[in-house]
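Naming: A, B, ... by sequence-line order, numbering from 1 per chain. Source: prediction; values computed, not measured.
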Number of protein chains: 2
Amino acid sequence: MTDTPFNSWQSVQEEVLARIHSRQWKPGDLIPNEADLAQEFGCARATVNRALQNLADEGLLDRRRKAGTRVATHPVRKATMYIPVIRQEIADKGHEYGYELICSERVLPPTEVCNIMEFGRRARAQHIVCIHTADGRPYVIEDRWLNPKWVSVEEISIFNEISPNEWLVTHVPFTEGEIMFSAMSAGKTEAGLLSCKEGEALFVINRTTRNKQEAITSVRLIFAPGYRIETGI
Amino acid sequence: MTDTPFNSWQSVQEEVLARIHSRQWKPGDLIPNEADLAQEFGCARATVNRALQNLADEGLLDRRRKAGTRVATHPVRKATMYIPVIRQEIADKGHEYGYELICSERVLPPTEVCNIMEFGRRARAQHIVCIHTADGRPYVIEDRWLNPKWVSVEEISIFNEISPNEWLVTHVPFTEGEIMFSAMSAGKTEAGLLSCKEGEALFVINRTTRNKQEAITSVRLIFAPGYRIETGI
DNA sequence: CTGCTGCATATGTATATACATAATATTAGA
DNA sequence: TCTAATATTATGTATATACATATGCAGCAG
């Protein structure tokens, strides 16, 4: 029985969560409809709606009109990773940030990059390789292709001072993109830049950002050995 | 000028997004308050509120009472990864799923596991190693420690038939947990189980789930070479 | 038995209103 | 001038009401 009044959507959400966790409502179960819950909790339907909708967003409930609300059978583990600007990430860990431009050239991208960025075969693009360091030690290689349409030739010289990673965030807007996590073995190049042994396992993030379909940039971040990315669920 | 009526929170959100993307409202800018926007869009403040709140949830806006709403300076790239049950993941890719139990033993966990799970030093725990296959080829090693408090001795025999990964989802509730992505080199054991070469780079997911602080299980998923996890931003 | 139609129903959303809360800005007091 | 009390303001939320929309299901026609 509930003698406390559920007068906030958060408290309703907590109660619903408690019932799920206590298995009073088991995965797959149909739970009472909003109107009934509102009456039971002594609040408005809108309040219950807010709570249930939020839980549905988080993947704990499945809701369908007319069919009602049920506890998700496979509570999809949704992990939300926050991907900060690299300088920030290093600073947050309490290390001193460093940046070095390794290479900047305007060349024909490899077909792989052309495919991802949906480039014409003949168009040159800006290729930039740089490295971010933490307390002087290599932290991550940033290997990036830029659509020249979005970054003028004059602007490119800025990358002697500031990393594309950081500059782009505040200067070029994007509407959508893809991100991919994977692992690779250090080749000769990576081993050299990251001062690690060849063959070591490296964590890799590939990211392409677009503005209304059109690719702005595609980057591959190759982290030094031992890097890991963590979050709560 | 807006001659179309913004009579749904989605349309308001789109308009706001458009203004951000067009840089009419630049990162750091203070945008008009809800009441003014409501008037401009010809809708109720609640509708504007829903739209802005949603954008704030996605990290595109920063909102503070009294201070107002501004465009996020560092639009934190938030990547949401959906981590399905392995069987489902393999089935979704159109492969035939297979499962094999490699080892099941009740032993003292290594200190590393004890620390993560906050176990006593003397308590034995259930250790399970199994492998998931796609079309007969090794897909991922599941190396798991179970808190015996949450899984009875009788229940353990079920793991001859069904993977802990799958069984736990529907049988043991959890309230929170941590997840970590990293990379490792294949040792002799991993190479054997995944039939790959020693030293190959493998993608690794570590996950610990808890119920009200208390650890239920801690698992390490070691994927076959080439595995990657992707999502949109 | 099959397929279509329409009704009942649960969720989804818009609105006006009212008050709560946080945090800035202002003012009064020492 | 500095500090503390107070007013102002933008967002946050609860409420009742109304209507929109999807869809399961029953009933009907073929």
Side-chain angles (χ1 to χ4, degrees), chain A residues 2-17 19-20 24-73 75-76, chain B residues 2-17 19-20 24-73 75-76:
Chain A
T2 62
D3 35 14
T4 58
F6 292 94
N7 43 1
S8 81
W9 69 267
Q10 288 94 334
S11 64
V12 170
Q13 171 168 332
E14 261 178 59
E15 174 62 18
V16 171
L17 257 182
R19 292 188 186 184
I20 293 173
Q24 180 180 339
W25 292 340
K26 290 186 274 294
D29 281 5
L30 188 68
I31 76 174
N33 70 41
E34 293 185 351
D36 290 351
L37 285 176
Q39 189 166 24
E40 183 189 341
F41 293 149
C43 65
R45 183 169 80 88
T47 309
V48 174
N49 181 282
R50 181 91 157 80
L52 297 188
Q53 208 154 52
N54 200 47
L55 288 172
D57 281 349
E58 288 172 16
L60 279 102
L61 293 177
D62 281 335
R63 321 192 74 201
R64 263 167 57 227
R65 280 168 156 143
K66 163 76 184 174
T69 302
R70 31 186 88 240
V71 180
T73 33
V76 182
Chain B
T2 62
D3 35 15
T4 57
F6 293 93
N7 44 3
S8 80
W9 70 266
Q10 288 94 336
S11 64
V12 171
Q13 171 167 332
E14 261 177 59
E15 174 62 17
V16 172
L17 257 181
R19 292 187 186 184
I20 294 173
Q24 180 179 339
W25 292 340
K26 289 186 274 294
D29 281 6
L30 189 68
I31 76 173
N33 69 39
E34 293 184 351
D36 290 351
L37 285 176
Q39 190 166 24
E40 183 189 342
F41 292 150
C43 66
R45 183 169 79 88
T47 309
V48 174
N49 181 281
R50 181 91 157 80
L52 298 188
Q53 207 153 52
N54 200 48
L55 287 171
D57 281 349
E58 288 172 16
L60 278 103
L61 294 176
D62 280 335
R63 321 191 74 202
R64 262 167 57 226
R65 280 168 157 145
K66 163 80 183 170
T69 301
R70 30 186 89 240
V71 181
T73 32
V76 182

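- In this structure, B:Gln10 atom CD and C:dG12 atom C1' are separated by 9 Å, rounded to whole Å.
- Look at CG on B:Leu30: it is 15 Å from P on D:dT9, rounded to the nearest Å.
- Residues passing the side chain to side chain contact (heavy atoms under 4.5 Å, CB included) test with A:Asp57, sequence neighbours excluded: none.
- For A:Thr47, whose side chain is taken as the heavy atoms from C-beta onward, the closest listed nucleotide among D:dA14, D:dG12, C:dT11 is D:dA14.
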For nucleotides 16-21 of chain D, give me every protein contact, N/O to N/O, under 3.5 Å, one pair per line with atom names.
{"unit_1": "D:dT21", "atom_1": "O2", "unit_2": "A:Arg65", "atom_2": "NE", "d": "3.1"}

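- The CG atom of A:Asn33 sits 16 Å away from the C1' atom of D:dA22 (whole-angstrom rounding).
- Distances shorter than 4.0 Å separate none of the side-chain N or O atoms of A:Gln53 from OP1 or OP2 on C:dT11.
- Of the candidate nucleotides D:dT11, D:dA14, C:dT15, D:dA14 has the atom lying nearest to any side-chain atom of A:Ser8.
- Taking atom CG on A:Asn7 and atom C1' on C:dT21, their separation rounds to 15 Å, with Å as the unit.
- Across D:dA14, C:dT11, D:dT23, the shortest atom-to-atom separation from the side chain of A:Lys66 is found for D:dT23.
- Mapping A:Arg64 and B:Asn49 onto DNA chain D via the closest heavy atom, the residue that lands nearer the 5' end is B:Asn49.
- To the nearest 0.5 Å, atom CZ of residue B:Arg19 and atom CG of residue B:Leu37 are 7.0 Å apart.
- Side-chain contact between A:Ile20 and A:Ile31 is absent, with no heavy atoms from C-beta onward closer than 4.5 Å.
- If you measure from atom CG of A:Leu61 to atom C1' of C:dA10, you get 14 Å, rounded to the nearest angstrom.
- Side-chain contact between B:Val48 and B:Glu40 is absent, with no heavy-atom pair separated by less than 4.5 Å.
- Of all nucleotides listed (C:dA23, D:dT13, D:dT11), D:dT11 comes nearest to the side chain of B:Arg63.
- Nucleotide D:dT15 holds its C1' atom 16 Å from the CD atom of A:Gln39, rounded to whole Å.
- Listed pair B:Thr69 / D:dT11 meets the phosphate criterion, a side-chain N or O lying under 4.0 Å from OP1 or OP2.
- At a threshold of 4.5 Å between non-hydrogen side-chain atoms, the residues A:Val71 and A:Lys26 do not count as touching.
- A donor-acceptor pair is defined here as one N or O able to donate and one able to accept, closer than 3.5 Å; such a pair exists between the side chain of A:Arg70 and the backbone of A:Gly28.
- Within 6.0 Å of CD on A:Gln39 lie no more than 12 heavy atoms contributed by other residues, nucleotides or ligands.
- Across the protein-nucleic acid pair, B:Glu34 atom CD and D:dG12 atom P stand 6 Å apart, rounded to whole Å.
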